[in-house]
Amino acid sequence: MHQVLFTVAMVALVLALVRFAQTVQRITTVVRMGQADGTRSADRGTRWVTLLRESLGHTRMLQWTPIGIAHWFVFVGFGALLGTLITAFGQLRSPEWVIPVIGDWGPYNAFTDFIGTATLVGIIVLMAIRASRRPSQLGRRSRFFGSTMWQAYYVEWTIFVIGVCVLTLRGLEGAYLHVDGWTYEHMFSYPLVVLLSGLSATTLEWAIAGVAFVKIAASLAWFFVIAWQPTMGVAWHRFLAFVNIWFKRNADGRPALGPLQPVRTNGVAVDFEDPADDAIFGVGAIEEMTWKDLLDVTTCTECGRCQSQCPAWNTGKPLSPKLVITALRDHAWAKAPYVLAAEADRGALPEGVRAEAAKSLVGDVIDPDVLWSCTTCGACVQQCPVDIEHIDHIVDMRRQQVMVDTAFPSELNGMFKNMEVKGNPWGMNASARTSWISEVDFPVRVFGAEGEETIPDDVEWLFWVGCAGAFEDRARKTTKAVAELLHLAGVQFMVLGDGETCTGDAARRAGNEFLYVMQAQQNIELLNTIGVRKIITTCPHCMNSLGREYPQLGGNYEVVHHTQVLSALVAAGAIRPLTPIDTSITYHDPCYLGRHNQVFLPPRDLLAALPGAEVREMERSQSTSFCCGAGGSRMWMEEKLGTRINEERAKQALATGAATVAVACPFCNVMLSDAMTSADVGAPEGTRVAELSTLLLESVRPA
Ligand code: SF4
Ligand code: SF4
């Protein structure tokens, strides 16, 4: 009988490995139907370090600490308990069988005992968490809403059964070998040893073989099931996550935030002045995604972390980053036979495959309302434990919609036209860019006013005012406050005046890469010609474009946000905030300053320096900050679906009880100020939204 069990197990093992290998090959084939992307393998050494840090250190998972810890043990158990599977095969033939060399070694047995128990506890914690967040109970508020629940349950129960088997075998082995006192080798399984010690040797022998068989059956069944379901990310991420992390956009481990990627065809940036005949402008069909994009979507675990953080999803809009990724994945896999077939053979493909191939990517697979709901806030990218790059996928589809199909929300027409004709989204005349200077009582140096052809040597910073900073009323206050503070601190700065034009950020995030490139090239030509090296901006979007995106087009500058410069000046004693502010303040992290560019502390240092200010943090702050609703060019679109994102954020700010909401971005300023006037928000009388530099200036000026 032992031999029969062993033979059955060995045959099943061979079949499982064959099926597994076939599915790995299928996954590879589907992923490779994507476009080339040669940007993913530079800095190999750094990539290995990142992979080790993110996998063994679980740095992404541990953003949610208890789940991260539980998952770490399950992750380690998956690899570390391989020895128990090998042992189980041997135990089908002999209850005393152990792995040669290490099987009798005390530390190995102690390790197995510990990891086996920790894996079991870990999976129970994860199962309990999933059970408490069931979509059937919580609806859209569940991060698992829309996830394929049976797959997750199956994976969890498999691990649970295997964990129980490992511990039971440890108990049976101890009883069979007459372990008669607690030892570190049976640190957790000893109670089972005691419990099972009364059984006869024959019973123990059969029990060991039986439990070993169950363990093998559960393990091999898992291989058969995942081979049958190649899109079962909750299982396949155990293999694919390593690959996806290694090939992530930033070799050093930073998530895919900050700059967008240039429009590329076969891995080469498209030259908009002379595009190649086969140039692809964004993604309009699944096969126009790169192989890395297809790997991304196949790796999704459907954990829903991204969905839980998404401001669009949390305000009732149809966009869920998770459901975008899974929709792309399902379409990719369903259409793959068509894409991979020779043209002559496509007509003979099954009707379902041809129907899938006939679907439009935006329209049938991804609803346009989903596509245009994204604020590119980056909360999804920040949270994803397997480094999926949602924003890049969304913007790639927007690019195709705008540049090829000319299909986009009509409100964007005005913004595009204004930027094209007037060089700013508001459609104001360039001459008005300097009007704020006539409203201040200190000198502001304007480039060219005294015939300069390059930035003078005594000028340390170019102050990039930005379109909002020049034309929008609240942002103009910030511009004047920053200029005054720099002036008071004796910092030599200059502005470009009417030579400044929009960075193109809003056009780029709306998918109009052509317009963005035109704007950016114009700016870079000027900045390079006049020798600009260091730039201060008040707008995080300008900061991101100038500092992180312009290098893609040959513009390399040191770009900082005004809160960074001002906090350094306060720390150096060049600016002295002495007048008490006497208010409670909460600070709203702008997405493009915080998450996208990791500037979290300087704004907080400024607040800490204000005498009398009592600072209160919102529940969602720093890397988990909640968008104001203006990013991703949403500033220029109407918000017709769900509730308003800015009002949701205003409510979160008011929940702290703070009387003042400090902001550090002109768009956040507009969005949150508007929200405070809404009856739905119910802001108490006197609540104000104030930009950090204006608060600092209040404190610097005498009472
Ligand atoms: S970037 Fe922000 S708005 Fe867009 S899908 Fe991600 S979380 Fe949602
Ligand atoms: S995209 Fe990432 S965070 Fe979102 S469900 Fe998939 S694995 Fe989880």
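Computed from a predicted model, the values in this text were never measured in an experiment. Whatever order the structure lists ligands and atoms in, that order sets their numbers, starting from 1. Hydrogens, waters and symmetry mates are skipped; everything else that's a heavy atom, side chains included, is used.
Taking every non-hydrogen atom of Thr301 and a distance limit under 4.0 Å, the qualifying atoms of ligand 2 come out as 6 (Fe), 7 (S), 8 (Fe). Atom numbering of ligand 2 starts at 1 in the shown order; those under 4.0 Å from a heavy atom of Lys322 are 5 (S). Distances below 4.0 Å separate heavy atoms of Gly304 from the following atoms of ligand 2: 5 (S), 8 (Fe). Per-residue contacts place Cys306 under 4.0 angstrom from the following atoms of ligand 2 (heavy atoms of the residue considered): 1 (S), 3 (S), 4 (Fe), 5 (S).
Ranking protein heavy atoms by distance to atom 5 (S) of ligand 1, first place goes to Leu319 CD2, 3.6 Å. Remark: minimum distance from atom 2 (Fe) of ligand 2 to any protein heavy atom is reached at Cys384 SG, 2.3 Å. Looking only at protein heavy atoms, the nearest one to atom 8 (Fe) of ligand 2 is Cys303 SG, 2.3 Å.
Checking Cys300 against atom 6 (Fe) of ligand 2, an N/O/S atom falls under the 2.8 Å cut-off.
Under 3.5 Å, the side chains of Ser320 and Lys322 contain no donor-acceptor pair of N or O atoms. Counting only N and O atoms by type, the side chains of Gln151 and Gln229 include a donor and acceptor under 3.5 Å apart. In this structure, a donor-acceptor pair under 3.5 Å is absent between the side chains of Asp505 and Asn544.
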Check against salt bridge (charged side-chain N to carboxylate O under 4.0 Å, His left out), Glu302 and Arg329: CA-CA 11 Å; Glu302 303 190 25; Arg329 177 198 65 198; 2.9 Å; yes
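Within the protein, the number of N/O/S atoms found under 2.8 Å from atom 2 (Fe) of ligand 1 is 1.
Contact annotation: for Val386 versus ligand 2, heavy atoms closer than 4.0 Å belong to the side chain alone. With a 4.0 Å heavy-atom cut-off, ligand 1 is reached by no atom of Val324.
You'll find the side chain of Trp157 stays beyond 4.5 Å of the side chain of Ile123, heavy atoms only. For the pair Ile286 and Leu294, the minimum side-chain heavy-atom distance is below 4.5 Å. Residues Leu672 and Arg649 meet the side-chain proximity criterion, which asks for heavy atoms closer than 4.5 Å.
For Arg264, the side chain to side chain donor-acceptor pair (under 3.5 Å) test picks out no residue, with sequence neighbours left out.
Tested against Asp589 for a salt bridge (Lys or Arg N to Asp or Glu O under 4.0 Å), the candidates Arg620, Arg604, Arg595 yield a single pass: Arg604.
For Arg47 and Trp246, the positive end sits near the middle of the six-membered ring, less than 6.0 Å away and at most 45° from its axis. Cation-pi geometry between Arg134 and Phe144 is not met at under 6.0 angstrom from the ring centre and within 45 degrees of the axis.
Heavy-atom distances between Glu302 and ligand 2 reach below 4.0 Å in at least one pair.
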